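Report on the following structure.
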Amino acid sequence: MTLQLSNTLTRSVEEFRPLEPGKVSIYCCGVTVYDLCHLGHARSYINWDVLRRYLIWSGYAVTFVQNYTDIDDKILGRAAEEGTSMEAVSERNIEAFVADMARLNILPADRMPRATQSLGAIRALIQVLEAKGAAYLADGDVYFAVMKHAGYGKLSGRDLAEQHDNASGRVASEEEARKQHPFDFALWKGAKPGEPSFESPWGPGRPGWHIECSAMVREELGDTIDIHLGGADLVFPHHENEIAQSEAATGKELAHYWLHNGMVNVGGEKMSKSLGNFTTIRALLDSGVSPMTLRLFVLQAHYRKPLDFTAEALEAAATGWKGLNAALGLASPAAPGTTGASTEGASITPALVAGDPSDLPKELAEARARFVAAMDDDLNTSAALAVLFELAKPLRGLANRLERGDAAAAVEATSAALRGQGALLLELAGVLGLKQEALAGAPPQEAQGGLSDAAIDALVEERRAAKASRDFARADQIRADLKAQGIELVDKPGGVTEWLR
RNA sequence: GGCGGCAUGGCCAAGUGGUAAGGCAGAGGAUUGCAAAUCCUUUACCCCCAGUUCGAAUCUGGGUGCCGCCUCCA
């Protein structure tokens, strides 16, 4: 089987066939950089990161372009609030975006154009639309005429005539009054007094929201690309308008495959700024949730379905990740049993380069095939993860025994079969962007008045003595006291007690 | 109102015609003075009704509930 993707444009699942054999061009709608990213963004970009990794792993040469919208009313609003400039707000949030994505192990896009740096392409595209009669000028604004474009509404399944009736009673703002059709949208907005503006044939102003993506796609990737990505909330009007602009200008199909991810919900409702129910990526990660826990949480659901964000579900993911992480740690090239040295997960290689699957033992080949079948089925990461968990199971137990100093486990860990299983686990986890993490959480507490090693050792010794005299009440008391301070005692064979902070 | 999507065990979530993956939580057992970890075992008539079929969670029709988009939004 080959990769099947559900295409919003055709409302069906289709076999993926690239325009050019072996190559894939992808454009992903990025963020408007007026604020920090929240979990909705995290989900979206984690999903698309997995798509990208899977394509690369499958042997495709992938070109991935993602934009920054750095011209926008909200950015202007922030700048006004702060008494700074649009550039300052954008710059700060772009930096934050890069940092947040890196923490989530999301591969940086090959190119990340910004609206402010794409003005030439934007103006050129608007001029083409004007020349073709698809755009009209009204009071310093330039609008796209949706009625002139046959096929408007094909992505979102909207019927212009019907929508016209429904919209006829809607608010007639100043801007609405200028439009020939309520769905007409601004390609260029004339500057209002005091606003930052850019020069154009239509006077000073700035581009409308949708045009930048059309311009960037064309400039970076060409008239027609393989895959266009974004959140489900962008289907209308953003992507619909993008299609209309691009296709009116070029006469060619903008993208063959349109993929949309489902929303992150809180209490059954979409996470959004306006509802105030959002959690930023960094707030969550800084609260002690590990990046890979978040990744696992996201990947346990299918990317198109809504994903409910709850503390319980996240906790379940955290526990699940703990086990996977332990197995990954054992499988990593770094010496088994060590807590540090996270693997370099930022790179991914095509499977054929990494190793010939036909060399795998039958059982592992079968596991790998199940993983591939799951991913080919419209990126069924949930089913793919099941394969990882199964591969991880024996390694996980072993890792735990190793950590506790089990000598027999150390011998088992060197077995060829387990090492092969570990290598496959590591490879497949990499496709999902999951990489081993150093023990998460546990901020160094000794600095803030925690017990010193010597004090702990003394208590451990006291407990040993208590046990020897069968004073279990006292022994348990010491265990409980230490646990309250985040120190875990582990009794090992031979009366030896180790502790973990 | 228009368009689209979803309803599977305590929770999350796969499965799209042949009697239900996986994760978390729970239960029982082994082990342990206790605990942790580990190992074994174990927990579902798939929202309701009707239909098609030898056979349906899976197809068809109807119903109920929930969500998204139609304004900025990943």
Side-chain angles (χ1 to χ4, degrees), chain A residues 8 11 13 28-32 34 37-48 69 72-74 153 155-159 162-163 165-167 170-171 173 176 182-183 209 229-238 240 260-265 268-275 278 296-297 299-302 304-308 310 312-324 326 370 374 377 380-390 392-394 396-401 403-404 406 409 467 470-473 475-476 479-480 483 488-493 498 500:
Chain A
T8 306
R11 289 167 195 74
V13 179
C28 178
C29 274
V31 284
T32 302
Y34 72 101
C37 287
H38 58 64
L39 265 22
H41 302 106
R43 180 194 195 184
S44 187
Y45 299 135
I46 285 172
N47 282 143
W48 304 140
T69 298
D72 171 82
D73 283 340
K74 290 201 189 91
L155 180 71
S156 58
R158 256 153 256 260
D159 184 317
E162 234 172 77
Q163 297 294 319
D165 293 341
N166 287 334
R170 284 236 304 270
V171 278
S173 72
E176 293 298 320
F183 276 11
W209 174 35
L229 267 23
D233 51 357
L234 297 184
V235 174
F236 188 90
H238 184 55
E240 193 70 70
H260 293 99
N261 64 275
M263 301 292 99
V264 171
N265 290 168
E269 282 185 316
K270 178 183 168 183
M271 177 176 286
S272 72
K273 300 274 179 191
S274 51
L275 285 167
F278 64 92
L296 182 65
F297 171 69
L299 264 19
Q300 270 180 321
H302 184 84
R304 290 177 60 90
K305 290 195 177 182
L307 174 61
D308 220 36
T310 63
E312 297 73 42
L314 199 65
E315 211 172 296
T319 317
W321 170 244
K322 217 173 112 188
L324 218 43
R370 275 194 298 139
D377 181 16
N380 188 342
T381 49
S382 184
L385 277 169
V387 176
L388 295 202
F389 276 108
E390 283 162 28
K393 202 174 178 185
R396 172 188 178 173
L398 199 55
N400 259 296
R401 285 195 284 144
E403 193 187 334
R404 315 278 173 176
D406 185 331
K467 285 198 326 183
R470 305 199 66 77
D471 181 1
F472 295 124
D476 290 349
R479 176 195 288 290
K483 186 165 189 180
E488 188 194 358
L489 296 186
V490 181
D491 292 336
K492 298 201 306 183
E498 286 197 346
L500 303 166

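Atoms considered below: every heavy atom in the structure, side chains included; atoms not considered: hydrogens, waters and symmetry mates. As the structure is a computational prediction, the values presented were derived from the model and not from experiment. Below, read A as the first sequence line, B as the second, and so on, with proteins coming before strands; counting in each chain starts at 1.
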Across all strands shown, which nucleotide pairs with B/rG9 by Watson-Crick or G-U wobble geometry, both distances under 3.5 Å? none
Side-chain heavy atoms of A/Phe389 within contact of A/Leu324, under 4.5 Å: yes
Pairing partner of B/rU38 (Watson-Crick or G-U wobble, both distances under 3.5 Å): B/rA30
Check this for me: A/Glu315, atom CD, are more than 12 non-hydrogen atoms of other residues, nucleotides or ligands nearer than 6.0 Å? no
Between atom NZ in A/Lys270 and atom C1' in B/rC66, what is the gap in whole Å? 17 Å
A/His302 meets the ring pair (Phe, Tyr, Trp, His ring centres under 6.0 Å) criterion, sequence neighbours left out, with none
Nucleotide B/rG23, atom P - distance to CD of A/Glu312 in whole Å: 20 Å
In this structure, CZ of A/Arg43 is separated from CE of A/Met271 (nearest 0.5 Å) by 11.5 Å
Could you go through nucleotides 5-7 of chain B and list every protein N or O atom that sits under 3.5 Å from one of its N or O atoms, giving the distance for each pair?
residue	atom	partner	partner atom	Å
B/rA7	OP1	A/Lys305	NZ	3.1

Partner set under side-chain contact (heavy atoms from CB on, under 4.5 Å) for A/Ala316, not counting sequence neighbours: none
Just N and O in the side chain of A/Asn380: are any of them under 4.0 Å from OP1 or OP2 of B/rG15? yes
Expressed in angstrom and rounded to an integer, what is the separation of A/Tyr34 atom OH from B/rC72 atom C1'? 7 Å
Every protein N/O within reach of nucleotides 31-35 of chain B N/O, cut-off under 3.5 Å:
residue	atom	partner	partner atom	Å
B/rG33	O6	A/Arg463	NH2	3.1
B/rG33	N1	A/Asp476	OD1	2.9
B/rG33	N2	A/Asp476	OD1	3.0
B/rG33	N2	A/Asp476	OD2	2.6
B/rC34	O2	A/Asp476	OD1	3.2
B/rC34	O2	A/Arg479	NE	3.3
B/rC34	N3	A/Arg479	NH2	2.7
B/rC34	N4	A/Arg479	NH2	3.3
B/rC34	N4	A/Asp491	OD2	2.2
B/rA35	N1	A/Asp491	N	3.3
B/rA35	N3	A/Arg479	NH1	3.0
B/rA35	N3	A/Arg479	NH2	3.1

Other residues, nucleotides and ligands only: do more than 12 of their heavy atoms fall within 6.0 Å of CZ on A/Arg11? yes
To the nearest Å, how far apart are A/Leu234 CG and B/rG4 C1'? 15 Å
Complementary nucleotide for B/rU53 - Watson-Crick or wobble, under 3.5 Å: none
Side chain of A/Asn261 (C-beta onward), nearest among B/rA74, B/rC69, B/rC40: B/rA74
Quick one: look up who B/rC47 pairs with, Watson-Crick or G-U, both distances under 3.5 Å, and put none if it's unpaired. B/rG63
Let me know the distance between CG of A/Asp159 and C1' of B/rG1, rounded to the nearest Å. 14 Å
For A/Trp321 and A/Ala301, take the nucleotide of RNA chain B holding the closest heavy atom to each; which residue's nucleotide lies nearer the 5' end? A/Ala301
Whom does B/rA74 pair with, Watson-Crick or G-U wobble, provided both distances fall under 3.5 Å? none
May I have the distance from A/Glu315 (atom CD) to B/rG10 (atom C1'), rounded to whole angstrom? 15 Å
Separation of A/Leu155 atom CG from B/rC70 atom C1', in whole Å? 13 Å
Need the pair for B/rG68. Rule: Watson-Crick or G-U wobble, both distances under 3.5 Å, any strand; none if unpaired. B/rC3
Mind listing the N/O atom pairs, protein and nucleotides 18-22 of chain B, below 3.5 Å?
residue	atom	partner	partner atom	Å
B/rA21	N1	A/Ser382	OG	3.3

Return the pairing partner of B/rU16 with a 3.5 Å limit on both distances, Watson-Crick or G-U wobble; otherwise return none. none
Of all residues at least two apart in sequence or in a different chain, which pass the salt bridge (Lys or Arg N to Asp or Glu O under 4.0 Å) check with A/Arg304? none
Does A/Gly262 reach a base, just sugar-phosphate, or nothing at all? Heavy atoms under 4.0 Å. base
